[in-house]
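Have a look at the structure below, then the notes.
Keep in mind it's a predicted model, so treat the numbers as computed, not measured.
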Amino acid sequence: MSEVTLKSADELQVMRQSGRLLASVFSYLDNQVEAGISTMDINNLVERYIVDQLKARPASKGQYGYQYVLNASVNNVVCHGVPSTTQKLRSGDIVNIDITLEQGGFIADSSKMYMMGDVAPLARRLVDKTYVAMWEGIRLVKPGARLGDIGHAIQQYAQKHGYSIVREYCGHGIGREMHEGPQVLHFGQPGKGLVLQEGMTFTIEPMINQGKAKIKRKNDGWTVVTGDKKLSAQWEHTLAVTSKGYEVLTLRDEERS
């Protein structure tokens with residue numbers, strides 16, 4: 001992972017555009033992701049939309065040898081679920097769709113949970129609480145805050161509701177590269193860690209398990225699942241540290257108030 005880079009006002013303006021475009025991909029998907037669709041169909045729809053409609057580049061494709069434009073992580077898949085023609089979403093499933101997009105030399109990264117049809121109350125609770133946990137961390141972002149403050153807030157919220165935090169994967173700096181410094185852990189101690197500065201850009205993307213935190217990677221080399229086969233959920237946004245606080249660069253229309 002490269003060093004932390006502070007973005008200029010001009011660079012942030014380009015990142016805002018990438019973020020807006022990525023938010024529009026999810027708006028498009030809101031009418032596409034439903035029971036019966038395969039995760040590969042979702043991948044192909046997103047690729048065509050990013051390339052043909054947005055004139056942008058799906059930044060995940062080819063990154064680290066990955067062949068697809070997104071991750072589709074269903075139920076007990078924690079992250080990096082590989083799209084498949086045979087995996088069709090069913091009523092009751094929860095799925096995280098994680099997408100990256102580059103335009104103008106800068107990358108945006110975001111993910112959203114979708115719930116298919118008749119989702120069990122405990123699964124819906126996990127999805128909802130994970131979303132709130134992400135925002136518990138985001139709201140603490142401002143110059144002078146520390147990364148430990150963010151991680152602690154997410155960890156405390158998740159654990160208060162009976163969940164565990166995946167520790168092997170974390171948020172990351174982002175800009176011209178998909179993964180820049182710093183690493184943004186979703187657990188930590190208040191007052192510890194890197195001091196935030198205006199111009200930093202990074203993701204917050206907690207992965208929260210219904211059961212224990214233990215995970216394992218499947219034989220495909222990508223897909224990460226919970227060790228106890230219980231559900232996992234994740235939400236993600238790219239944000240910038242501003243002079244007064246934070247700006248969520250990938251904010252979706254339904255999140256604006």
A quick test of your reading: do over 12 heavy atoms of other residues, nucleotides or ligands sit less than 6.0 Å from [atom1] of [X]?
| X | atom1 | result |
| --- | --- | --- |
| Asp118 | CG | no |
| Arg48 | CZ | yes |
| Gln159 | CD | yes |

Looking only at side chains, do [X] and [Y] share a donor and an acceptor under 3.5 Å apart?
| X | Y | result |
| --- | --- | --- |
| His237 | Tyr246 | no |
| Ser84 | Thr39 | no |
| Glu205 | His186 | no |
| Ser110 | Arg252 | yes |
| Asn209 | Ser232 | yes |

Self-check item: Check: His179 ring centre within less than 6.0 Å of Tyr64 ring centre
Solution: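 Between His179 and Tyr64, the centre distance is under 6.0 Å.
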
Self-check item: Cationic N near anionic O, under 4.0 Å, Glu255 to Lys112
Solution: no

Do [X] and [Y] have side chains that get closer than 4.5 Å, going by heavy atoms?
| X | Y | value |
| --- | --- | --- |
| Thr203 | Thr238 | yes |
| Arg176 | Glu11 | yes |
| Pro143 | Leu196 | no |

Which heavy atom in [X] sits nearest to a heavy atom in [Y], and how many Å separate them?
| X | Y | value |
| --- | --- | --- |
| Thr223 | Gly81 | OG1-CA, 4.1 Å |
| Thr250 | Asp109 | CG2-O, 4.0 Å |
| Leu122 | Tyr163 | O-OH, 4.5 Å |

Exercise. Quick one: sort the Tyr114 and Phe26 rings into parallel, tilted or perpendicular, breaks at 30° and 60°.
Key: parallel

Exercise. Over 60° means perpendicular and under 30° means parallel, so classify the ring planes of Tyr157 and His161, tilted if in between.
Key: tilted

Practice problem: Step by step, work out the side-chain hydrogen bond (donor to acceptor under 3.5 Å, both in side chains) result for Gln234 and Ser73. | Solution: CA-CA 9 Å; Gln234 181 192 19; Ser73 302; 5.9 Å; no

Self-check item: Test salt bridge (Lys or Arg N to Asp or Glu O under 4.0 Å) applied to Lys7 and Glu180, Glu247, Glu198, the passing residue
Solution: Glu180

